[in-house]
Protein chains: 2
Amino acid sequence: MFSNSLKYAIKAVLYLAQHSCEKQKISAKHISESILVPHAYLAKLLQELARHNIISSSKGPKGGFYLNQENRQQPLINLIRAIDGQQKLSTCVLSLKDCDEKRPCPLHNLVAPSKKNLMDSLEHKTLAEISSEIEKGISFFPL
Amino acid sequence: MFSNSLKYAIKAVLYLAQHSCEKQKISAKHISESILVPHAYLAKLLQELARHNIISSSKGPKGGFYLNQENRQQPLINLIRAIDGQQKLSTCVLSLKDCDEKRPCPLHNLVAPSKKNLMDSLEHKTLAEISSEIEKGISFFPL
DNA sequence: TCTTAAATATGACAAATATCATATTATTAT
DNA sequence: ATAATAATATGATATTTGTCATATTTAAGA
């Protein structure tokens with residue numbers, strides 16, 4: 001469902017949501033060791049996320065990656081779009097060019113409700129909210 | 001969302017649902033040309049589907065692929081499982097080992113309702129039903 | 001200003017998925 | 001029986017995705 005890259009990116013961002021802030025930046029190496037993801041690969045993903053302003057970064061000693069307040073208020077879907085690209089979520093399940101409400105493909109009506117539901121969820125849930133649920137013990141994020 | 005292989009397989013099976021029967025078998029070549037899918041690749045997929053009894057086949061002249069009554073009464077999810085394997089649909093979105101209702105991962109509660117909804121749809125909709133909707137003009141399957 | 005710690009940019013390599021090709025086997029019809 | 005047709009089995013190639021490595025740039029602190 002989600003690509004490997006996306007899974008790694010989500011884990012890293014959630015880790016940052018919980019452990020970083022403007023005054024407490026975290027290096028790619030530290031993150032990769034904490035969430036058990038190959039560090040060279042994660043570094044690349046973090047750079048991509050920073051480029052898309054999903055996360056913040058600063059170079060040099062005491063530098064690293066972190067989430068500022070603005071980053072935290074973003075919905076999860078921004079992160080997904082940054083890694084997997086825009087189109088993946090919006091296109092027809094069968095990749096048919098002219099499938100829409102008016103002329104639905106044979107699977108359209110079957111998957112449309114679930115898909116809309118999922119998109120709404122991803123669009124509205126912010127990183128801050130997800131992080132807060134972990135802190136409250138509503139959900140669990142094992143390291 | 002769906003792999004390329006799966007999209008091709010679904011298109012091919014829907015084509016068979018509409019144009020084949022026990023007395024009217026269709027060759028891989030004919031199908032591939034009709035649904036615009038590379039024929040060598042499709043042939044492989046059709047063989048895989050036949051091996052899993054999703055579709056029927058017979059060799060030799062006048063042979064080819066077709067759907068019998070039993071094939072038509074199968075739910076769509078059988079086809080998906082044959083091509084993409086069992087686990088893909090059932091595992092945690094973040095691939096966390098011990099994510100479940102009791103200890104949901106940070107995304108579990110967000111995606112679970114949509115996922116359950118989708119699974120139910122795929123589990124209950126038969127190939128015959130999908131084919132029938134195309135014939136009735138409820139959905140559209142462009143060649 | 002020099003050293004050091006970190007991100008950034010770039011590219012090489014590996015694995016998985018998608019695509020193509022061909023030899024073999026089975027079945028029908030002549 | 002033989003020829004022709006079509007699936008089957010197998011494997012080769014190409015593209016995409018995932019993984020790793022390294023040289024460069026930036027900023028902090030002594």
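Labels below follow one simple rule: chain letters A, B, ... track the order of the sequence lines, proteins then strands, and each chain is numbered from 1. Side-chain atoms are counted along with the backbone in the values below, which use heavy atoms only and exclude waters and symmetry mates.
Within the 4.5 Å cutoff, side-chain heavy atoms of A:Met119 are placed close to those of A:Ile77.
Of the side-chain N and O atoms in A:Tyr41, one or more sit less than 4.0 angstrom from OP1 or OP2 of D:dG18. Distances shown here put every side-chain N or O of A:Arg51 at or beyond 4.0 Å from the OP1 or OP2 atom of C:dA7.
Ion pairing between A:Glu48 and A:Arg51 holds under the 4.0 Å rule for side-chain N and carboxylate O.
Computed from coordinates, the A:Leu46 CG to C:dA7 C1' distance equals 10 Å when rounded to whole Å.
Counting only distance, with no hydrogens or angles, the side chain of B:Asn71 and the backbone of B:Asn68 share a donor-acceptor pair below 3.5 Å.
For the ring pair (Phe, Tyr, Trp, His ring centres under 6.0 Å) test, no residue two or more places apart in sequence or in another chain qualifies with B:His124. Partners of A:Lys29 under the salt bridge (Lys or Arg N to Asp or Glu O under 4.0 Å) rule, at least two apart in sequence or in another chain, are A:Glu33.
Applying the salt bridge (charged side-chain N to carboxylate O under 4.0 Å, His left out) test to residues at least two apart or on different chains, none of the pairs has a partner in residues 100-111 of chain B. Sorted by first and then second residue, the ring pair (Phe, Tyr, Trp, His ring centres under 6.0 Å) pairs with a member in residues 36-82 of chain A read A:Tyr8-A:Tyr41; sequence neighbours excluded.
Other residues, nucleotides and ligands contribute over 12 non-hydrogen atoms within 6.0 Å of the NZ atom of A:Lys25.
Annotation: proximity of residues 2-10 of chain B to DNA chain C (heavy atom, distance under 4.0 Å) is found for B:Ser3, B:Asn4, B:Ser5, B:Tyr8, numbered in ascending order.
Closest to the B:Pro38 side chain, of the nucleotides D:dT8, C:dA9, C:dT19, is C:dT19.
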Base-contact (B) and sugar-phosphate-only (S) positions in nucleotides 21-30 of chain C, heavy-atom cut-off under 4.0 Å, - elsewhere: B---BBBB--
